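The analysis underlying the following values was restricted to heavy atoms, covering all of them including side chains, and did not include hydrogens, waters or symmetry mates. Note that this is a predicted model, so its numbers are computed, not measured.
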Amino acid sequence: MASYWLFKTEPAEYSITDLAGEPGATVRWDGIRNYQARNHLRDDIAKGDQVLIYHSSCKVPGIAGTAKVVSAPYPDPSQFDPNSPYYDAKSSVGAPRWFCVDICHQSSFDNVIPVSRLRTVQALAEMVLFRQGRLSVQPVSEGEWQILVELGLHKRHPVPVQE
DNA sequence: GCCAACGTTGGC
DNA sequence: GCCAACGTTGGC
């Protein structure tokens with residue numbers, strides 16, 4: 001059974017619009033360098049899981065759209081690349097430290113659902129987003145997911161057909 | 001720009 | 001293994 005997740009990104013660096021514009025609307029979600037987030041990526045996330053894309057550190061932080069996990073977890077190649085900002089000299093191919101998955105864009109909300117609004121929803125009070133800051137890959141419960149889909153229902157447009 | 005929360009580092 | 005210092009995250 002599919003699980004639900006929230007991935008944070010700073011839209012100035014990489015946004016839901018960037019994701020939608022990728023070839024096949026698919027991208028490697030790499031560069032995660034936090035152990036708790038790593039553990040989710042390595043141990044808990046599976047192909048077919050659903051992802052909320054969250055825009056942080058921007059004018060209107062909040063949920064910007066949805067994506068789907070389209071690969072199994074695998075070692076993040078950037079940890080082995082000395083020219084990458086995500087290079088980790090203490091990692092090795094034999095004992096990789098960091099993991100990633102590929103995700104595919106599913107939907108963009110016409111307007112971000114602001115975190116300030118999410119805070120006002122009683123049923124979302126237990127979200128990891130509020131219980132624990134600073135975690136860029138975090139689980140979302142099925143109940144939370146359904147509420148968030150409801151909130152986004154009238155603020156969503158379908159994925160543009162890829163050429 | 002402020003600052004609270006929290007992860008990481010490094011001396012001991 | 002403790003914990004102070006430091007760095008980063010991220011909303012406001």
Of all pairs that satisfy salt bridge (charged side-chain N to carboxylate O under 4.0 Å, His left out), the ones with a partner from residues 77-99 of chain A, not counting sequence neighbours: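 Salt bridge (charged side-chain N to carboxylate O under 4.0 Å, His left out) check on residues 77-99 of chain A returns A/Asp88-A/Arg97.
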Assign the ring pair A/Trp29 / A/Tyr14 to parallel, tilted or perpendicular, where the plane angle (0 to 90°) is split at 30° and 60°.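 Correct class here is perpendicular.
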Between the protein and nucleotides 7-11 of chain B, list the N/O to N/O atom pairs that are separated by less than 3.5 angstrom.
| unit_1 | atom_1 | unit_2 | atom_2 | d |
| --- | --- | --- | --- | --- |
| B/dG7 | O4' | A/Arg134 | NH2 | 2.7 |

Stretch residues 50-64 of chain A: residues that reach within less than 4.0 Å of DNA chain C through a heavy atom: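 Heavy-atom cutoff 4.0 Å gives A/Tyr54, A/Ser56, A/Ser57, A/Pro61.
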Mind checking what makes salt bridge (charged side-chain N to carboxylate O under 4.0 Å, His left out) contact with [X], not counting sequence neighbours?
| X | result |
| --- | --- |
| A/Arg33 | A/Asp76 |
| A/Asp44 | none |
| A/Arg28 | none |

Would you please name every residue forming a side chain to side chain donor-acceptor pair (under 3.5 Å) with A/Asp49, sequence neighbours left out?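 Listed in chain order: A/Trp5.
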Give every residue pair that meets the ring pair (Phe, Tyr, Trp, His ring centres under 6.0 Å) criterion with at least one member in residues 64-95 of chain A, sequence neighbours excluded.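 Matches after skipping sequence neighbours: none remain.
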Under 3.5 Å, which donor-acceptor pairs link side chains of residues 126-138 of chain A to any protein atom two or more places apart or in another chain?
| unit_1 | atom_1 | unit_2 | atom_2 | d |
| --- | --- | --- | --- | --- |
| A/Gln132 | NE2 | A/Gln36 | OE1 | 2.8 |
| A/Gln138 | OE1 | A/Leu129 | N | 2.7 |
| A/Gln138 | NE2 | A/Leu135 | O | 3.0 |

Separation of A/Lys8 atom NZ from B/dA5 atom P, in whole Å?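 Interatomic distance, NZ of A/Lys8 to P of B/dA5: 15 Å.
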